[in-house]
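Model, not experiment: these values are computed from the prediction.
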Amino acid sequence: MSTPTGIGLGLRVTMADEFLRRLPKEVSWVEVHPENYIERGGRYEANLRKARDHYDVVTHGLTLSLGSTKSFDPDFLSKVRGLVQDLGTPWHSDHLCFGGFGDTFAHDLLPIPFTDEAAATAAARIREVRGALDVEVAFENVSYYAPQSEDALDEARFCAEVLALSDAKILLDVNNVYVNSQNFGFDPREFIELIPPERVVQMHVAGHLVRPDGLRIDTHGEPVCDDVYDLLGFALRHTGPRPVLLERDNNVPDVDTLLAEVRRLSAIYDEATATKPEAKP
């Protein structure tokens, strides 16, 4: 099991064939969603095997709903464990959110209240997942579109509380911090400074949509904007070197366009981490 470094790319079915044919050296590692590969053979299995042969692979889940109160499906956790162990990923991540109510699945990442009760619930669930998967677990901060608190920085304080209660790690989504900061009027750098740097094991960057009314929507369907690139540099100076993933899930362009973004991210990564030693996770 090795720990990825540098810039990674999400392996998506729409670009996987070209990407795996070319095996670009600009990309240091890849990230996959277990939900796309569990009990799926054929092209999915072949792509995953080839990716594993040439890159470090990290798993990032979509459906564990770490902030929910609904019991985990032990069969699903067992299957995720098998995939995680097979790939040798150093940690598994999912979102600090809930994804539905009762038996209804919302197909969305819905925010949870920033309360002590919610923090304790999430922390207990994270510890349960870590025990089931036998690997380190990190949670990702999410975007949201209705005020969750009078002080928008309470989200960062809530994340820090969950980290303390669960002894978990965090996947810091820099784009989500930026989107929320613009929609709710806080300084994204203050948010990042409230996150314990030693707990950050990975970062995400992505593009987002700006509506005519100014609301920003986390779509993963546009190029990364200049402000998010700048915020990434700040985040890396806060934490030291951490693997950074470029997420592109919608309107996925050709591989050359993705690689141009990867190269820009690499330049920011190299500059931001040139003088600061890596903090121990």
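Contact annotation: the side chain of Asp173 approaches that of Glu247 to within less than 4.5 Å [non-hydrogen atoms, C-beta and beyond]. Within the 4.5 Å cutoff, no side-chain heavy atoms of Val174 are placed close to those of Tyr178.
With hydrogens and angles ignored, the 3.5 Å screen pairs no side-chain donor or acceptor of His54 with any backbone N or O of Leu20. Distance alone, capped at 3.5 Å, places no donor-acceptor pair between the Glu31 side chain and the Leu245 backbone. Listed for the Asn141 side chain is no donor-acceptor partner under 3.5 Å among the backbone atoms of Asn176. Using modelled atom types, no side-chain atom of Arg43 and backbone atom of Asp17 make a donor-acceptor pair closer than 3.5 Å. Between the side chain of Arg237 and the backbone N or O of Thr239, no donor-acceptor pair lies under 3.5 Å. Checked by atom type and distance alone, the side chain of Arg199 pairs as donor or acceptor with a backbone atom of Leu163 at under 3.5 Å. At distances below 3.5 Å, at least one donor-acceptor pair connects side-chain atoms of Arg248 with backbone N or O atoms of Asn251. A donor-acceptor pair under 3.5 Å is formed between the side chain of Arg125 and the backbone N or O of Ser68. With Thr89 contributing its side chain and His92 its backbone, the two residues share no donor-acceptor pair below 3.5 Å.
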| request: For Arg264 and Asp226, run salt bridge (charged side-chain N to carboxylate O under 4.0 Å, His left out): C-alpha distance rounded to whole Å, both residues' side-chain angles, the deciding distance at 0.1 Å, then the answer. | output: CA-CA 11 Å; Arg264 183 170 178 183; Asp226 289 345; 3.0 Å; yes
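Cluster membership for Leu64 and Ile112, using ILVMFWY side-chain heavy atoms within less than 4.5 angstrom, is shared. A single hydrophobic cluster is not seen to contain both Leu171 and Leu265; linkage of ILVMFWY side chains at heavy-atom distances under 4.5 Å, directly or through other members, places them apart.
The heavy-atom pair separating Ile170 from Cys159 by the smallest distance is CD1-CB, 4.3 Å. Contact record, Leu77 with Phe72: CD1-CB, 3.6 Å, taken as the closest heavy-atom pair. Between Ala146 and Gln148, the shortest heavy-atom distance links the atoms O-NE2, 2.9 Å. When all heavy atoms are compared, the tightest approach of Asn180 to Ser143 is OD1-CA, 3.4 Å. In terms of heavy atoms, Phe186 sits closest to Ala152 at CD2-CB, 3.2 Å. In this structure, Trp91 and Val58 approach most closely via the heavy-atom pair NE1-CG1, 3.6 Å.
In this structure, NZ in Lys169 is found 14.0 Å from OG in Ser93, a value given to the nearest 0.5 Å. Here CG of Asp94 is found 6.5 Å from CD of Glu35. Values are rounded to the nearest 0.5 Å. From Arg21, atom CZ reaches atom NZ of Lys50 across 9.0 Å, with rounding to the nearest 0.5 Å. Once rounded to the nearest 0.5 Å, the distance linking CE of Met203 with CZ of Arg242 reads 7.0 Å. The line from OG1 of Thr121 to CG of Asp116 is 10.5 Å long, rounded to the nearest 0.5 Å. Atom CZ of Phe19 and atom CG of Leu258 lie 9.0 Å apart (nearest 0.5 Å).
Judged by distance alone, the side chains of Ser78 and Asp75 never bring a donor and an acceptor atom under 3.5 Å apart.
Salt-bridge check for Asp73 with Lys79: failed, with every basic side-chain N at 4.0 Å or more from each acidic carboxylate O. With respect to Arg49 and Asp86, a salt bridge is recorded, a charged nitrogen being found less than 4.0 Å from a carboxylate O.
Partners of His95 by ring-ring contact (aromatic ring centres under 6.0 Å, His included), not counting sequence neighbours, listed by chain and number: His60.
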Using distance only, find each side-chain donor-acceptor pair of residues 126-139 under 3.5 Å and give its atom names and separation, not counting sequence neighbours.
| unit_1 | atom_1 | unit_2 | atom_2 | d |
| --- | --- | --- | --- | --- |
| Arg127 | NH1 | Leu165 | O | 2.8 |
| Arg130 | NH1 | Ser166 | O | 3.2 |
| Arg130 | NH1 | Asp167 | O | 3.1 |
| Arg130 | NH2 | Ser166 | O | 3.0 |

